[in-house]
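So you know, we letter chains A, B, ... as the sequences are listed, proteins then strands, and number each from 1.
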Amino acid sequence: MVNHFLNSANRRRAIPLSCSYLAALVFAFSICAVQAADVSVSLQSNTVPANRELELSVTIQGGSVKSLPMPPVPDGVNIRPYRRSQNFQFINGQMSQSITQSFLVNASQPGDYTIPSFEIQVGGETLKTDPVSFKVTPANSPTPPPAPGNPRQQPSAASPDAPAQPLGQLRLDFPKRERDYLYVGEMAPIRIKAYFPPDTRGNLKSDPRPEGQGFTLHNLSEKPETGYEEIGGQTYQTLTWFAGVSMAKAGEYPINVSLDVTVMVPDESSSGRSRPRSPFGRRSIFNDPFFDDFFNNTMRTLVPREVTLTSPGDPLEVRSLPQEGRPANFSGAVGDFSLGSFRLPAEAAAGEPQQVRVTIEGKGNFERMSSPVLEPAGAWKSYTPKVEFKAEDAASFSGHKTFEFSAVPRKSGEQKVKLAFSYFNPETGTYESIDSPQIAMNVTGNDVAPERETVAANAAAPRSGSDDAIEDSPKDKAASTPQNDLAPLRLNVAAAGASLKPLIHRPDFLAGLGIALTGIAAGFVVGAVRRGRDAPDRVAARRSKQRERDALASAEKALREGDTQAFFDSARRALQIRSGALWNLPADALTQGELRKRLPPDSPVLTIFSQADALAYAPEGSKSAAELERWNQLLHQGLESLTESPTASRRAKSSQPVGSAAP
Amino acid sequence: MKSGFLVILTAALFALSATAHAAPEAEEGNSAYLSGKFEEAAQAYEKALETKGASASLLYNLGNTYYRMGEFGPAILAYERALALDPRAADIQTNLRQAREAAAAFDESHQPAPWEAPVHWLSFNEWAVVCAVALGLLAAVSLAQGLFLSGKKIAAVRWAAVISAVVLFISITALVLRLSDLNRAIVLTPDARVRLSPFETADTVATLKAGWAVQVEGEHDGFYRIRNGWISRNDAALVHEPSAAR
């Protein structure tokens, strides 16, 4: 906009004009500077409860101040700077300036206090404030009715249906119950609800906290639930917490909680002034009530107000737990509970620690609950339990608590072991005892003498003069710090010799793993070899070879004996077996005709087959030994010709002639 | 074959019985402890550890003794070592918990995620044994299949092989997840200094209470490297060490 202004055609005229505005402003400030300055001090209220804060405002009219000093602090009072604001006003052509510095003041003790006068340098002039007094009342005393819009006011006991607080209200609700009293130790679920009126926004500075010392707040929900609630035609923003209150002492006292919040509220100082006219002029469409609301709601400023909200509450009767009928093993729990079962072995040695785990379910105060005890009493020594609680509602009022502890049987013999638990039921007003199911257990060995078991604990405990017989070293005497129970010493220290070296770092273990791995590998290798050896084709080949060897042996025998017929029969048989194996055909199926299809005509195999067939069908008599020897050589040539490379074998299988032989 | 097995078994039992006798030092330790002379008891137990080696009971008694002496670091170390040998002993668990509470000792070492809970059902060494047994069974099945069996018998033992392989896989996974156990160390001295560098003159960045468990990530010149610096080996001891003695 400035650029536009400077770039306009009237730039030359505009520069002198702006200079004149500046001159006028300087003049106005100079007028202001010569005006008489004034300082005033005011307190938001003359009375405040202990530990609550009041706002102290120091206002300087008609002057400027570089730094405002802190007011003097009376004994027992705390003052801290809060905020600072500055206003300029033109009234009848005259400008006035005011600066307001606020402080927050509080005191912990009731009494009358006065903040004395103090000096402030304003534009070279020293001004003095008036002293201001205020009264601090006890914390629980009723507070005076707050002024409207007062940021430090305390909520009054408003009706539940209409939160009358301008800045918010806090309520604490108990669920409906038949009794109008509670017991000490009883846990009661509560709901805490904060209301913030329309047009405000609440920022939490703290969680709800109990007012007074008669009760404690437990299991407050971590984050409040946010929502809206319409009351009396107005929509309030709400924040809701759930918690349990546990009564700490008997008597009649209110159950109140408080909450620190910063409430963002519309700026009160601007509310008195009329909204600036629409920038588009009196007659523009924006100068309309609709747009008035729009500008009021969206463009107005919010200022923070620090508020401590306190729930109103009538005194509540809290009764002590009755002495009458209180069991010896009363656990401290107040509510309504049930005891789960537990497990123990059927047999164990005396002194041998057992792990006991039991769960208690129900509704009530789990915080005060101690572990159930093992019975028969005196026969068991129990140790500090490990406790785990799981809530089943937002306020942790109902849930289950698990106790896990070690217990040592002291007495030997047959025992009926059970867990005993007692609690106070506030609904019936009586103590109730419940037992777990009994477990029959045989404790073997000798009784564990209590003095022996706990001698170490006793030795560690601070000693009286009668124990001087035990000679203590300084170290032993210093050992008296841990007082808690320890599980007893193991008196039978046998089977030493174990190593703390991890197994995977021990050579013998690694050697064992190596052997196992080798065994796995060996098994695989041997298996593979065995599978190869037992393959059907290999078995068939082995058998074929054997038959061939048998046939050749017969031929050799016939050769030696000069039996021509037997020789040629055996030779033909050997050739059939060899060629059958070669072409994967049954040996008996290979006739001369078949062979002629597969072998060259000059093959020695065919020659021998022809001779053998000739002898079979037209015997010509026996041959001489020399002739048979030549036939034998031809036989071996024929066999060799049938032992071809795999390529040749494949060729043979595809009916290609294999080898040839001289006649 | 059978007689050979009996000979080996007898030898093993004999060797076991030789170590099964309680060391006299351990008996002395017990007597001293029951008399309230804890320093004497600690010395006796330490001596028994040196002469006879470790046992869960001996380490547990040593832990009790250090606890009574108010030395929570060594007590927690002894309990941790006892638990490494006897992982489910209720009394060791109870006293370790008690010692940690007394020492306000936190465990800064690896904290298992909830899904890792089954991995902690057994100790590291127990998982190693499971792994070895599974591997041995697999080897036996493999050899039997290779040497003796055939046909339907192979199909029968194949199931054993599958189960062994699954167990082997689970145990190896557990061992890998539990590897960090081997680097757990316990702070022994009160206010042990964690230094910026592995030097005695290096700046102190933190102090650890006795009994805290830390995860050792490395070692250099007498110092253990932990998450936020270096701690002297005099101030901390690994739970799994070759020697049970401090």
*Asks:* If you take all heavy atoms of A:Arg530 and B:Gln145, which pair is closest and at what distance?
*Replies:* NH1-O, 3.5 Å

*Asks:* Using every non-hydrogen atom in the two residues, find where B:Asn125 and A:Arg506 come nearest and quote the distance to one decimal.
*Replies:* ND2-NH2, 4.0 Å

*Asks:* Atom CZ of residue position A:Arg542 - does it have more than 12 heavy atoms of other residues, nucleotides or ligands inside 6.0 Å?
*Replies:* yes

*Asks:* If every non-hydrogen atom of A:Arg490 is compared with every non-hydrogen atom of B:Asp86, which pair is closest and at what distance?
*Replies:* NH2-OD2, 3.7 Å

*Asks:* Between B:Leu135 and chain A, which part of the residue has a heavy atom less than 4.5 Å away: side chain, backbone, both or neither?
*Replies:* both

*Asks:* Determine whether A:Leu500 and B:Glu80 make a side-chain contact, defined as any pair of heavy atoms from C-beta on separated by less than 4.5 Å.
*Replies:* no

*Asks:* Which atoms form the tightest heavy-atom contact between A:Ile504 and B:Phe124, and what is the distance?
*Replies:* CD1-CZ, 3.5 Å

*Asks:* For a quick test of reading the model, state the closest non-hydrogen atom pair linking B:Ser142 to A:Ile520 and the distance between them.
*Replies:* OG-O, 2.8 Å

*Asks:* Do you know which two heavy atoms are closest between A:Ala516 and B:Ala139, and how far apart they sit?
*Replies:* O-CB, 3.1 Å

*Asks:* Quick one, B:Asp91 and A:Val408 - any side-chain contact, counting heavy atoms below 4.5 Å?
*Replies:*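 Result no, sub-4.5 Å side-chain heavy-atom pair not found.
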
*Asks:* Who pairs with A:Glu361 by side chain to side chain donor-acceptor pair (under 3.5 Å), at least two apart in sequence or on another chain?
*Replies:* none

*Asks:* Please state whether the side chain, the backbone, both or neither of B:Leu179 comes within less than 4.5 Å of a heavy atom of chain A.
*Replies:* side chain

*Asks:* Say whether, by atom type as modelled, one donor and one acceptor occur between the side chain of B:Asn61 and the main chain of A:Leu489 under 3.5 angstrom.
*Replies:* no

*Asks:* Quick one: pull up CG in A:Leu491 and OH in B:Tyr33 and give me the separation to the nearest 0.5 Å.
*Replies:* 10.0 Å

*Asks:* Select one option (side chain, backbone, both, neither) describing which atoms of B:Leu182 are under 4.5 Å from chain A's heavy atoms.
*Replies:*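 The side chain, not the backbone.
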
